Amino acid sequence: MMRQPIYGKADTVVVLDFETTGLSPTEGDRAIEIGAVLIENGEVTDRFQQLMNPGRRISRFIEQYTGITNHMLRDAPPCEQVMQNFAEFIGDYDMVAHNASFDRRFLNAEFDRIDCGYSGQFACSMLAARRIYQEAPNHKLQSLVRYKNIQNNGVFHRALADAEMTAHLWLTMVHEITEQYDIASVPFSLMQKLGKTAKSSVQNYLTRFSQDVDQSGKFSSGGSGLG
DNA sequence: TGCCAGGCCCTCTTTAGGGCCTT
(Lines give C-alpha, C1' and ligand atoms only; values in the text may rest on other atoms or scores of the structure.)
Protein backbone atom coordinates (compact mmCIF):
# COMPACT_ATOMS: atom_id res chain seq x y z
CA MET A 1 0.00 0.00 0.00
CA MET A 2 1.36 3.37 -1.04
CA ARG A 3 1.54 5.75 1.90
CA GLN A 4 0.60 9.37 1.50
CA PRO A 5 3.07 12.09 2.51
CA ILE A 6 2.75 12.85 6.19
CA TYR A 7 3.00 16.62 5.93
CA GLY A 8 2.46 18.31 2.61
CA LYS A 9 3.88 21.70 3.55
CA ALA A 10 6.65 20.20 5.66
CA ASP A 11 8.10 18.58 2.58
CA THR A 12 8.46 21.99 0.97
CA VAL A 13 11.35 23.98 2.40
CA VAL A 14 13.66 26.76 1.32
CA VAL A 15 17.37 26.07 1.79
CA LEU A 16 19.22 29.30 2.44
CA ASP A 17 22.81 30.52 2.51
CA PHE A 18 24.22 34.00 3.14
CA GLU A 19 27.62 35.38 2.31
CA THR A 20 28.34 38.27 4.63
CA THR A 21 30.94 40.87 5.59
CA GLY A 22 31.65 38.98 8.83
CA LEU A 23 30.18 36.81 11.53
CA SER A 24 27.96 39.08 13.55
CA PRO A 25 25.13 41.38 12.48
CA THR A 26 25.13 42.86 15.99
CA GLU A 27 28.66 44.09 15.29
CA GLY A 28 27.55 45.78 12.07
CA ASP A 29 28.13 42.97 9.61
CA ARG A 30 25.85 42.86 6.57
CA ALA A 31 24.82 40.36 3.95
CA ILE A 32 26.56 40.62 0.57
CA GLU A 33 24.97 37.68 -1.24
CA ILE A 34 21.99 35.43 -0.71
CA GLY A 35 21.36 32.10 -2.36
CA ALA A 36 18.41 29.81 -1.85
CA VAL A 37 16.70 26.84 -3.42
CA LEU A 38 13.15 25.65 -3.07
CA ILE A 39 12.68 21.94 -2.38
CA GLU A 40 9.32 20.48 -3.34
CA ASN A 41 8.59 16.76 -3.25
CA GLY A 42 12.24 15.94 -2.82
CA GLU A 43 13.46 18.00 -5.75
CA VAL A 44 14.94 21.45 -6.26
CA THR A 45 12.27 23.32 -8.20
CA ASP A 46 13.32 26.96 -7.92
CA ARG A 47 16.38 29.07 -7.17
CA PHE A 48 17.19 32.55 -5.89
CA GLN A 49 20.60 34.22 -6.08
CA GLN A 50 21.54 37.85 -5.73
CA LEU A 51 24.57 39.90 -4.80
CA MET A 52 23.75 42.92 -2.66
CA ASN A 53 25.57 46.11 -1.86
CA PRO A 54 26.10 46.47 1.91
CA GLY A 55 26.91 50.16 1.62
CA ARG A 56 30.57 49.82 2.52
CA ARG A 57 33.71 48.07 1.35
CA ILE A 58 34.30 44.47 2.34
CA SER A 59 37.58 43.17 3.76
CA ARG A 60 40.23 41.48 1.69
CA PHE A 61 39.65 38.35 3.75
CA ILE A 62 36.02 38.20 2.65
CA GLU A 63 37.02 38.88 -0.94
CA GLN A 64 39.42 35.95 -0.84
CA TYR A 65 37.11 33.70 1.18
CA THR A 66 34.08 34.15 -1.05
CA GLY A 67 35.50 35.32 -4.36
CA ILE A 68 33.08 38.25 -4.14
CA THR A 69 34.95 41.50 -4.73
CA ASN A 70 34.21 45.12 -3.98
CA HIS A 71 34.12 45.63 -7.72
CA MET A 72 31.35 43.04 -8.05
CA LEU A 73 29.32 44.68 -5.28
CA ARG A 74 29.71 48.22 -6.56
CA ASP A 75 26.83 47.94 -9.01
CA ALA A 76 24.76 45.40 -7.03
CA PRO A 77 21.35 46.48 -5.73
CA PRO A 78 21.16 47.46 -2.05
CA CYS A 79 20.40 44.86 0.62
CA GLU A 80 16.97 46.35 1.26
CA GLN A 81 15.84 45.80 -2.32
CA VAL A 82 17.20 42.26 -2.51
CA MET A 83 15.71 41.25 0.81
CA GLN A 84 12.31 42.53 -0.27
CA ASN A 85 12.50 40.28 -3.32
CA PHE A 86 13.70 37.40 -1.19
CA ALA A 87 10.77 37.80 1.19
CA GLU A 88 8.46 37.22 -1.74
CA PHE A 89 10.46 34.15 -2.75
CA ILE A 90 10.30 32.40 0.64
CA GLY A 91 6.72 33.27 1.61
CA ASP A 92 6.09 31.42 4.86
CA TYR A 93 7.96 28.23 3.99
CA ASP A 94 10.17 26.68 6.62
CA MET A 95 13.88 27.14 6.14
CA VAL A 96 16.98 24.96 6.24
CA ALA A 97 20.57 26.16 6.51
CA HIS A 98 23.95 24.75 7.44
CA ASN A 99 24.62 26.12 10.91
CA ALA A 100 21.18 27.71 10.78
CA SER A 101 21.71 29.97 13.78
CA PHE A 102 24.15 32.00 11.67
CA ASP A 103 21.84 32.47 8.67
CA ARG A 104 18.82 33.04 10.90
CA ARG A 105 20.58 35.93 12.64
CA PHE A 106 21.41 37.61 9.33
CA LEU A 107 17.94 36.96 7.91
CA ASN A 108 16.33 38.52 10.96
CA ALA A 109 18.75 41.45 10.95
CA GLU A 110 18.23 42.23 7.26
CA PHE A 111 14.47 41.77 7.53
CA ASP A 112 14.37 44.06 10.57
CA ARG A 113 15.90 46.80 8.43
CA ILE A 114 12.96 46.66 6.04
CA ASP A 115 10.32 45.98 8.69
CA CYS A 116 9.68 42.57 7.25
CA GLY A 117 8.61 39.66 9.43
CA TYR A 118 9.14 35.97 8.84
CA SER A 119 6.83 33.44 10.45
CA GLY A 120 8.42 30.16 9.37
CA GLN A 121 10.78 27.94 11.31
CA PHE A 122 14.41 26.97 10.86
CA ALA A 123 16.09 23.57 10.84
CA CYS A 124 19.83 23.05 10.81
CA SER A 125 21.52 20.61 8.44
CA MET A 126 24.71 20.73 10.49
CA LEU A 127 23.01 19.68 13.73
CA ALA A 128 21.13 16.92 11.90
CA ALA A 129 24.32 15.73 10.20
CA ARG A 130 26.12 15.59 13.52
CA ARG A 131 23.51 13.05 14.64
CA ILE A 132 23.15 11.07 11.43
CA TYR A 133 26.79 11.07 10.33
CA GLN A 134 28.51 10.78 13.69
CA GLU A 135 31.43 9.00 12.03
CA ALA A 136 32.13 11.83 9.55
CA PRO A 137 35.58 13.44 9.89
CA ASN A 138 33.89 16.74 10.71
CA HIS A 139 30.61 18.48 9.91
CA LYS A 140 31.66 21.39 7.77
CA LEU A 141 29.49 21.64 4.66
CA GLN A 142 32.42 21.08 2.32
CA SER A 143 33.55 18.00 4.24
CA LEU A 144 30.08 16.47 4.31
CA VAL A 145 29.65 17.07 0.58
CA ARG A 146 32.82 15.08 -0.05
CA TYR A 147 31.99 12.49 2.58
CA LYS A 148 28.62 11.71 0.97
CA ASN A 149 29.79 12.20 -2.63
CA ILE A 150 27.21 14.91 -3.14
CA GLN A 151 27.16 16.47 -6.57
CA ASN A 152 28.97 19.78 -6.79
CA ASN A 153 30.85 21.92 -9.27
CA GLY A 154 33.81 22.60 -6.99
CA VAL A 155 32.54 26.04 -5.99
CA PHE A 156 32.31 26.66 -2.24
CA HIS A 157 31.54 29.78 -0.23
CA ARG A 158 29.20 31.22 -2.84
CA ALA A 159 25.63 31.51 -1.69
CA LEU A 160 23.75 29.57 -4.36
CA ALA A 161 26.39 26.85 -4.64
CA ASP A 162 26.37 26.33 -0.86
CA ALA A 163 22.56 26.39 -0.76
CA GLU A 164 22.41 23.76 -3.53
CA MET A 165 24.88 21.50 -1.72
CA THR A 166 23.07 21.98 1.58
CA ALA A 167 19.83 21.04 -0.16
CA HIS A 168 21.32 17.84 -1.53
CA LEU A 169 22.84 17.02 1.85
CA TRP A 170 19.40 17.56 3.40
CA LEU A 171 17.71 15.33 0.83
CA THR A 172 20.39 12.68 1.30
CA MET A 173 19.77 12.59 5.04
CA VAL A 174 16.00 12.45 4.55
CA HIS A 175 16.35 9.68 1.97
CA GLU A 176 18.63 7.59 4.17
CA ILE A 177 16.21 7.86 7.09
CA THR A 178 13.26 6.76 4.96
CA GLU A 179 15.26 3.81 3.66
CA GLN A 180 16.71 2.72 6.98
CA TYR A 181 13.52 3.07 8.99
CA ASP A 182 11.04 2.15 6.24
CA ILE A 183 8.89 5.24 6.47
CA ALA A 184 7.19 7.08 3.64
CA SER A 185 8.50 10.56 4.36
CA VAL A 186 10.41 12.51 6.96
CA PRO A 187 8.61 15.63 8.18
CA PHE A 188 10.45 18.87 8.76
CA SER A 189 9.64 18.72 12.46
CA LEU A 190 11.42 15.38 12.79
CA MET A 191 14.61 16.74 11.21
CA GLN A 192 14.32 19.85 13.35
CA LYS A 193 14.03 17.87 16.56
CA LEU A 194 16.60 15.31 15.51
CA GLY A 195 19.21 18.03 15.63
CA LYS A 196 18.40 18.61 19.29
CA THR A 197 18.35 14.95 20.32
CA ALA A 198 21.29 13.56 22.26
CA LYS A 199 23.63 11.66 19.93
CA SER A 200 23.30 8.51 22.02
CA SER A 201 19.50 8.61 21.64
CA VAL A 202 19.23 9.22 17.90
CA GLN A 203 18.71 5.59 16.89
CA ASN A 204 16.04 5.03 19.53
CA TYR A 205 14.38 8.29 18.57
CA LEU A 206 14.13 7.36 14.89
CA THR A 207 12.98 3.84 15.68
CA ARG A 208 10.26 5.20 17.93
CA PHE A 209 9.23 7.68 15.26
CA SER A 210 8.97 4.99 12.58
CA GLN A 211 6.82 2.88 14.89
CA ASP A 212 4.51 5.81 15.55
CA VAL A 213 3.58 6.18 11.89
CA ASP A 214 0.58 4.04 11.08
CA GLN A 215 -0.45 2.72 7.70
CA SER A 216 -2.34 5.88 6.84
CA GLY A 217 0.86 7.84 7.27
CA LYS A 218 -0.30 9.65 10.41
CA PHE A 219 1.16 9.57 13.88
CA SER A 220 -0.46 7.39 16.50
CA SER A 221 -1.21 9.02 19.83
CA GLY A 222 1.33 9.16 22.62
CA GLY A 223 4.24 8.62 20.31
CA SER A 224 7.44 10.50 19.81
CA GLY A 225 5.87 13.85 20.57
CA LEU A 226 6.54 15.35 17.20
CA GLY A 227 4.57 18.19 15.88
C1' DT B 1 44.58 32.74 7.82
C1' DG B 2 41.94 33.93 11.54
C1' DC B 3 40.23 37.21 14.93
C1' DC B 4 35.55 39.50 15.93
C1' DA B 5 29.76 36.69 17.91
C1' DG B 6 26.29 33.40 18.92
C1' DG B 7 24.27 28.96 19.57
C1' DC B 8 24.88 24.44 20.22
C1' DC B 9 27.13 20.27 22.00
C1' DC B 10 30.14 17.45 24.97
C1' DT B 11 32.26 16.38 29.22
C1' DC B 12 37.37 15.60 32.91
C1' DT B 13 29.70 19.43 33.73
C1' DT B 14 25.74 21.56 35.96
C1' DT B 15 28.89 26.96 40.98
C1' DA B 16 32.27 25.68 33.60
C1' DG B 17 35.06 25.55 29.88
C1' DG B 18 36.23 24.48 25.38
C1' DG B 19 35.30 22.90 20.56
C1' DC B 20 32.62 23.25 16.40
C1' DC B 21 30.49 25.84 12.63
C1' DT B 22 28.98 29.89 10.04
C1' DT B 23 31.57 34.72 7.12
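It should be emphasised that the depicted structure is a prediction, and the values quoted were computed from it without experimental measurement.
- The separation of dT15(B) from dC20(B), taken at their P atoms, amounts to 25 Å, rounded to a whole angstrom.
- Among the heavy atoms of the strands lying under 4.0 Å from R131(A) are primed sugar atoms or P, OP1, OP2 only; no base atom is included.
- Here D29(A) lies out of heavy-atom contact (under 4.0 Å) with every strand.
- Side chains of D29(A) and T21(A): a donor on one and an acceptor on the other come within 3.5 Å.
- Proximity of H139(A) to the phosphate of dC21(B): a side-chain N or O atom is located under 4.0 Å from OP1 or OP2.
- Separating the P atom of dT1(B) from that of dG17(B) is a span of 32 Å, rounded to the nearest Å.
- Near-neighbour residues of DNA chain B inside residues 149-166 of chain A, defined by a heavy atom below 4.0 Å, number-ordered: H157(A), D162(A).
- Defined by atom type and a distance below 3.5 Å, a donor-acceptor pair is present between the side-chain atoms of N138(A) and S143(A).
- Ring centroid separation for the pair F209(A) and Y205(A) does not come in under the 6.0 Å cut-off.
- The stretch residues 28-51 of chain A participates, sequence neighbours left out, in these ring pair (Phe, Tyr, Trp, His ring centres under 6.0 Å) pairs: F48(A)-F86(A), F48(A)-F89(A).
- Taken from CD in Q180(A) to CD1 in I132(A), the straight-line distance is 9.5 Å, to the nearest 0.5 Å.
- Put simply, T26(A) has a side-chain N or O that comes within less than 4.0 Å of OP1 or OP2 on dG6(B).
- If you check the side chains of H98(A) and T166(A), you find no donor sitting under 3.5 Å from an acceptor.
- In summary, the side chains of Q121(A) and Y93(A) do not present any donor paired with an acceptor at a separation below 3.5 Å, with no hydrogens or angles considered.
- T66(A) and E19(A) are not linked by any side-chain donor-acceptor pair at a separation below 3.5 angstrom, with hydrogens and angles left out of the test.
- Nucleotides dT13(B) and dG18(B) are separated by 13 Å at their P atoms, to the nearest Å.
- Look at the P atom in both dC4(B) and dC12(B): the space between them is 26 Å, to the nearest Å.
- The separation of dC3(B) from dC9(B), taken at their P atoms, amounts to 23 Å, rounded to a whole angstrom.
- At a non-hydrogen distance threshold of 4.0 Å, N99(A), S101(A), F102(A), R105(A) from residues 99-113 of chain A come into contact with DNA chain B.
- At whole-Å resolution of the value, CZ in F18(A) and C1' in dG6(B) are 16 Å apart.
- Among the atoms of the strands shown, only primed sugar atoms or phosphate atoms (P, OP1, OP2) are found under 4.0 Å from some heavy atom of T66(A).
- Checked against dT23(B), dC9(B), dT1(B), the side chain of Q64(A) finds its nearest nucleotide in dT1(B).
- Between M126(A) atom CE and dG7(B) atom P the separation is 13 Å, expressed in whole Å.
- dC8(B) atom P lies 21 Å from atom CG of N138(A), rounded to whole Å.
- Taking 4.0 Å as the cut-off between side-chain N and carboxylate O, R130(A) and E135(A) do not count as a salt-bridged pair.
- Backbone-only engagement by L141(A) is indicated by non-hydrogen atom pairs under 4.0 Å involving sugar-phosphate atoms exclusively.
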